[in-house]
Amino acid sequence: MSDLRQLTSIQLIVIFISAMIGVGIILMPRDLANAVNSPDLWVSIITGAFLMCLIATMYVLLVTRYPGLTFFDMSKKIAGRWIGTLINLFFIFYCLIVASYILRVTTAIIKNYLLDTTPLYVIIGSFLLVSLYLISNGPGDVVRFFQLYFPVMMFMFLILALLSIKDVDVQNVRPVLQSNLLTTVTQSKITFFSFIGIEFLMIFSPLIKKKKTRNLALSVWISIIVTAVIYVIFHVLTIGVLGIAELKEITFPTIEMAKSIEFQGFFFERFELIFIFGWLITVFTSFTTYTYGMILGIEKVTKSGWWCMAGAGLLIFTVALYPEGLTEVLDYSSHIQWIGAVAVIGFPALMLLISLMRRQTHDT
């Protein structure tokens, strides 16, 4: 079992980056290209990161006002038992939907590029079981796993970025800032789904030593900025290598960019595997974060023990298998964004507002 009692600032940053970088780095380039239709889509990412920093500050205020309490505890203390339980059930549903979405998209990529003859349910079940096993050892082991593989993940991304530079066509990223900036900025809403994960500050809060608001906010902002930098780099590279026209048509443009890397006479040819292996670690950490949040929420609501993990696993497995194909899965993304907006913006904002109006805090 886990013996972790407190998270350091570095561990917090690792958790947040690991939770945020998931399917967004694969899917967001295409979505932004279709919405913005110019090489300036990186502006939308920067704007989205700025807005997420503001939203994250709201989480920091809640955590510092209610030290030692998770989101599920805060909601009941602030809104009361019954309304708090309804809020908690919605957040559990949000974790279920996001975890299932991540799992199904990941499975589609594994099946498309690695295990094309393996049944879908086998890949989903295997991925899910490994995550549940990690979670069963406690949050401490989850954090240590994130911390252990974080350098590997960053190294893989760095290698792919360096290998892709030689294929960049500068004409594809021009002209710079010549598009309608209002449209570009407003489309930052598309980047929202790629920055969710920072809300788990309110889930891991019992492991956070009581800090000044400024210090905790700094860790959160650094996490968002680092994630935004990674997104910007890969978006600029995908535009430079593929071009906007091709980017709008490819389902997984980041992987296709890696697939286009060629070194004549080199013994290793499938460079997209380097990216996929690094990305699988990333998406596994992101998926595990939401699965852990769901299990913790069920435990808090039902006051039950061992069956919560089995029940959460069965629900995720069922929901992940429900869509008939990848097209149907991707069609659900807009609905998931609305669910996410309510869960990670609407309810925390309401809770903070009630707390400020009542001048309510929690002393450990």
Side-chain angles (χ1 to χ4, degrees), residues 13-30 99 101-135 141-167 194 197 226-227 229-238 241-242 250-263 266-291 320 326 329:
I13 292 171
V14 168
I15 289 172
F16 297 146
I17 295 175
S18 300
M20 284 187 283
I21 301 180
V23 296
I25 200 170
I26 299 287
L27 300 176
M28 187 167 57
R30 180 193 180 191
Y101 179 82
I102 292 172
L103 182 56
R104 185 56 187 270
V105 171
T106 303
T107 303
I109 292 172
I110 293 174
K111 191 169 178 61
N112 192 27
Y113 291 96
L114 299 174
L115 306 173
D116 57 324
T117 59
T118 305
L120 197 66
Y121 66 87
V122 173
I123 302 174
I124 290 176
S126 301
F127 202 89
L128 179 59
L129 285 174
V130 174
S131 178
L132 292 176
Y133 174 74
L134 178 60
I135 294 170
D141 284 3
V142 173
V143 172
R144 292 189 186 97
F145 178 88
F146 288 8
Q147 196 171 8
L148 176 65
Y149 284 97
F150 184 77
V152 178
M153 176 179 77
M154 291 295 104
F155 178 73
M156 293 292 188
F157 287 164
L158 177 62
I159 291 297
L160 178 62
L162 293 175
L163 292 176
S164 301
I165 290 176
K166 73 178 185 65
D167 296 322
S194 298
V226 171
T227 303
V229 168
I230 293 171
Y231 284 155
V232 168
I233 290 172
F234 275 92
H235 277 67
V236 171
L237 287 174
T238 52
V241 173
L242 302 174
I250 300 174
T251 306
F252 307 123
T254 313
I255 298 178
E256 292 302 318
M257 176 190 71
K259 200 172 181 180
S260 67
I261 298 173
E262 291 183 358
F263 282 93
F266 195 64
F267 72 95
F268 187 74
E269 295 182 354
R270 296 193 64 186
F271 286 95
E272 76 273 14
L273 295 181
I274 295 177
F275 173 77
I276 291 176
F277 291 147
W279 175 77
L280 280 176
I281 297 172
T282 311
V283 81
F284 177 79
T285 57
S286 182
F287 171 74
T288 299
T289 304
Y290 283 95
T291 305
L326 182 61
V329 175

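Note that these values count all heavy atoms, side chains included, but never hydrogens, waters or copies made by symmetry.
- Looking at residues two or more places apart in sequence or on another chain, you find a ring-ring contact (aromatic ring centres under 6.0 Å, His included) between Phe127 and Phe284, Phe287.
- Remark: Phe155 engages Ile159 in a side-chain contact (heavy atoms from CB on, under 4.5 Å) (not counting sequence neighbours).
- The minimum heavy-atom distance linking Ala19 with Tyr290 is given by the pair O-CE1, 4.4 Å.
- Annotation: side chain to side chain donor-acceptor pair (under 3.5 Å) contacts involving residues 147-163, sequence neighbours excluded, comprise Gln11-Gln147.
- Separation of atoms CG (Asp141) and OH (Tyr133) is listed at 8.5 Å; rounding is to 0.5 Å.
- Among residues two or more places apart in sequence or in another chain, the side-chain contact (heavy atoms from CB on, under 4.5 Å) test is passed with Thr118 by Leu115, Val122, Ile123.
- Rounded to the nearest 0.5 angstrom, Thr291 OG1 and Ile102 CD1 are separated by 8.0 Å.
- With sequence neighbours left out, the side-chain contact (heavy atoms from CB on, under 4.5 Å) criterion links Leu158 to Leu162.
- For the residue pair Ile233 and Ala161, the shortest heavy atom distance occurs at CG2-CB, 4.4 Å.
- Every residue meeting the side-chain contact (heavy atoms from CB on, under 4.5 Å) condition with Leu280, not counting sequence neighbours, appears here in chain and number order: Thr106, Ile110, Leu114, Ile276, Val283.
- Summarising the geometry, atom CG belonging to Leu163 is positioned 9.5 Å from atom CE belonging to Met257; distances are rounded to the nearest 0.5 Å.
- Residues Thr251 and Arg30 meet the side-chain proximity criterion, which asks for heavy atoms closer than 4.5 Å.
- Among the candidates Trp279, Phe157, Phe16, the single residue satisfying the side chain to side chain contact (heavy atoms under 4.5 Å, CB included) test with Ile21 is Phe157.
- Residues Ile25 and Thr254 come closest through the heavy atom pair O-OG1, 2.6 Å.
- Between Pro29 and Phe234, every side-chain heavy-atom pair lies at or beyond the 4.5 Å cut-off.
- Atom CG of Leu27 and atom CD1 of Ile109 lie 6.5 Å apart (nearest 0.5 Å).
- To the nearest 0.5 Å, atoms OG (Ser286) and CG (Leu103) are separated by 11.5 Å.
- Formation of a donor-acceptor pair under 3.5 Å by the Thr227 side chain with backbone atoms of Met20 is not found in this model.
- Closest non-hydrogen pair, Met153 versus Gly278, comes out as CG-O, 4.1 Å.
- Atom CG of Leu326 and atom CG of Asn112 lie 8.5 Å apart (nearest 0.5 Å).
- For the pair Tyr231 (side chain) and Met28 (backbone), a donor-acceptor distance under 3.5 Å is absent.
- Residues satisfying the side chain to side chain donor-acceptor pair (under 3.5 Å) criterion with Thr288, sequence neighbours excluded, are Ser131.
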